[in-house]
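Step one of this worksheet: look at the structure below.
All values below were derived from every heavy atom in this structure, side-chain atoms included, with hydrogens, water molecules and symmetry-related copies excluded. Numbers restart at 1 for each chain; the letters A, B, ... are given by sequence-line order, proteins then strands.
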Amino acid sequence: MTSLDRDGPTVYRPAKDSGLLAKAALEDAHGRVLEVGTGSGWVAERIAEERGLRVVGSDRNPHAAREAADRGVEAAVADLLDPFRADAFDTVCFNPPYLPTDPENEWDDWMEQALSGGESGRELIEPFLADVDRVLAPGGTVLLLVSSLTGYEEVLALVEDAGFDHVVAVEESFPFETLTVLRLERTE
Amino acid sequence: MKESLMDVICCPLDKADLDLDVDERDDEEILEGTLACTECGEVYPIEDGIPNLLPPDMREEAAA
């Protein structure tokens with residue numbers, strides 16, 4: 001617990017989904033890397049240290065950006081891909097907030113924002129996929145974590161609409177969900 | 001932030017280039033300063049080494 005955690009944690013802690021994204025990223029990341037929604041910066045730090053790549057981590061939560069920066073990640077406070085240039089990155093990683101959440105039960109704090117994907121579970125995945133092609137350099141790769149709770153087929157439809165082919169990079173089943181990291185490349 | 005971050009960031013509103021104005025620097029890290037959009041003029045703060053590139057309406061919401 002950090003001093004910021006006294007009223008409940010304000011930054012998402014690395015969990016099984018983070019571990020799976022790190023596993024895929026250590027395998028597939030190349031060139032200049034962006035991790036969107038970096039949270040504590042744990043995944044970004046591992047890519048930078050174990051692969052020796054330059055990794056930028058962004059999060060809309062300033063407490064998260066602070067933690068990521070303290071781990072040595074190049075951090076920025078940002079909403080998804082908004083402040084990043086066209087063709088800027090060779091690899092973009094994203095473990096999105098994905099839990100479908102009843103609007104009646106939203107409690108509107110940083111941890112909520114780190115977990116909730118809105119009513120569909122896909123409210124951040126949709127704008128991310130619609131914009132990621134812009135920031136990706138030629139030959140670029142996207143690594144996107146998807147939970148079965150979010151609707152795997154629905155996410156694949158969004159991937160296709162955005163002009164990407166997908167392969168399963170890693171997948172693991174847990175009692176309540178299956179987690180998959182998709183590796184996306186532009187459709188030829 | 002490192003000055004090399006300028007290679008990958010732009011204004012979140014109109015994607016135009018940003019102008020860096022440094023107030024405080026520590027070796028290669030920029031600790032305090034501003035990033036101003038060369039097109040729309042919106043100014044984004046760099047605080048304690050971290051640029052805040054949220055659009056102004058979200059920045060105010062986050063501060064609350």
Side-chain angles (χ1 to χ4, degrees), chain A residues 4 10-11 31-38 41 44 48 53-92 108-110 112-114 124 127 131-137 140, chain B:
Chain A
L4 288 169
T10 51
V11 178
R32 189 138 68 170
V33 182
L34 171 66
E35 190 192 11
V36 176
T38 195
L53 298 171
R54 179 173 172 200
V55 185
V56 175
S58 77
D59 205 291
R60 61 172 285 183
N61 175 354
H63 306 298
R66 177 76 265 155
E67 274 201 43
D70 290 344
R71 286 179 190 265
V73 174
E74 285 191 63
V77 182
D79 187 29
L80 295 174
L81 300 154
D82 281 0
F84 298 105
R85 286 177 188 263
D87 296 346
F89 297 98
D90 301 292
T91 308
V92 179
D108 198 29
D109 62 16
W110 289 120
E112 160 82 40
Q113 291 192 19
L124 287 109
D131 197 26
V132 70
D133 186 53
R134 182 182 61 81
V135 304
L136 213 56
Chain B
M1 61 171 260
K2 293 189 175 69
E3 199 157 344
S4 58
L5 195 69
M6 298 301 292
D7 298 346
V8 297
I9 59 175
C10 61
C11 175
L13 300 174
D14 55 22
K15 316 297 182 201
D17 290 350
L18 297 167
D19 257 342
L20 171 65
D21 189 14
V22 179
D23 292 329
E24 194 188 335
R25 187 190 288 267
D26 170 17
D27 292 329
E28 58 175 22
E29 290 279 330
I30 296 153
L31 296 177
E32 303 289 333
T34 53
L35 295 157
C37 179
T38 53
E39 202 55 48
C40 69
E42 188 59 46
V43 176
Y44 304 92
I46 303 167
E47 291 163 342
D48 202 15
I50 299 175
N52 187 330
L53 294 163
L54 291 177
D57 55 327
M58 282 179 71
R59 191 161 68 217
E60 277 142 35
E61 186 190 314

task: Supply the atom-to-atom distance B:Asn52 CG to A:Arg60 CZ, rounded to the nearest 0.5 angstrom.
output: 11.0 Å

field: A:Val77/B:Ile50 under side-chain contact (heavy atoms from CB on, under 4.5 Å): CA gap, chis, key distance, verdict
entry: CA-CA 7 Å; A:Val77 182; B:Ile50 299 175; 3.9 Å; yes

- prompt: Does any non-hydrogen side-chain atom of A:Arg54 lie less than 4.5 Å from one of B:Ser4?
  reply: yes

task: Name all residues meeting the ring pair (Phe, Tyr, Trp, His ring centres under 6.0 Å) criterion together with A:Phe89; count only those two or more places apart in sequence or in a different chain, and write none if there are none.
output: A:Phe84

query: Under a 4.0 Å N-O cut-off, is there an ion pair linking B:Asp17 with A:Arg85?
result: yes

message: Using a 4.5 angstrom heavy-atom cutoff, name the option from A:Leu81, A:Asp79, A:Leu34, A:Asp87 with the most pairs to chain B.
response: A:Asp79

query: Which atoms form the tightest heavy-atom contact between A:Ala75 and B:Pro51, and what is the distance?
result: O-CD, 3.3 Å

- prompt: Which bit of A:Ala76 comes within less than 4.5 Å of chain B, counting heavy atoms only: side chain, backbone, both or neither?
  reply: both

Whether over 12 other heavy atoms sit under 6.0 Å from B:Glu24 CD: yes

message: Which heavy atom of A:Arg32 sits nearest to which heavy atom of B:Asp7, and what is that distance?
response: NH1-CB, 3.9 Å

Steps toward side-chain contact (heavy atoms from CB on, under 4.5 Å) verdict (B:Val8, A:Glu74): CA-CA 11 Å; B:Val8 297; A:Glu74 285 191 63; over 6 Å; no

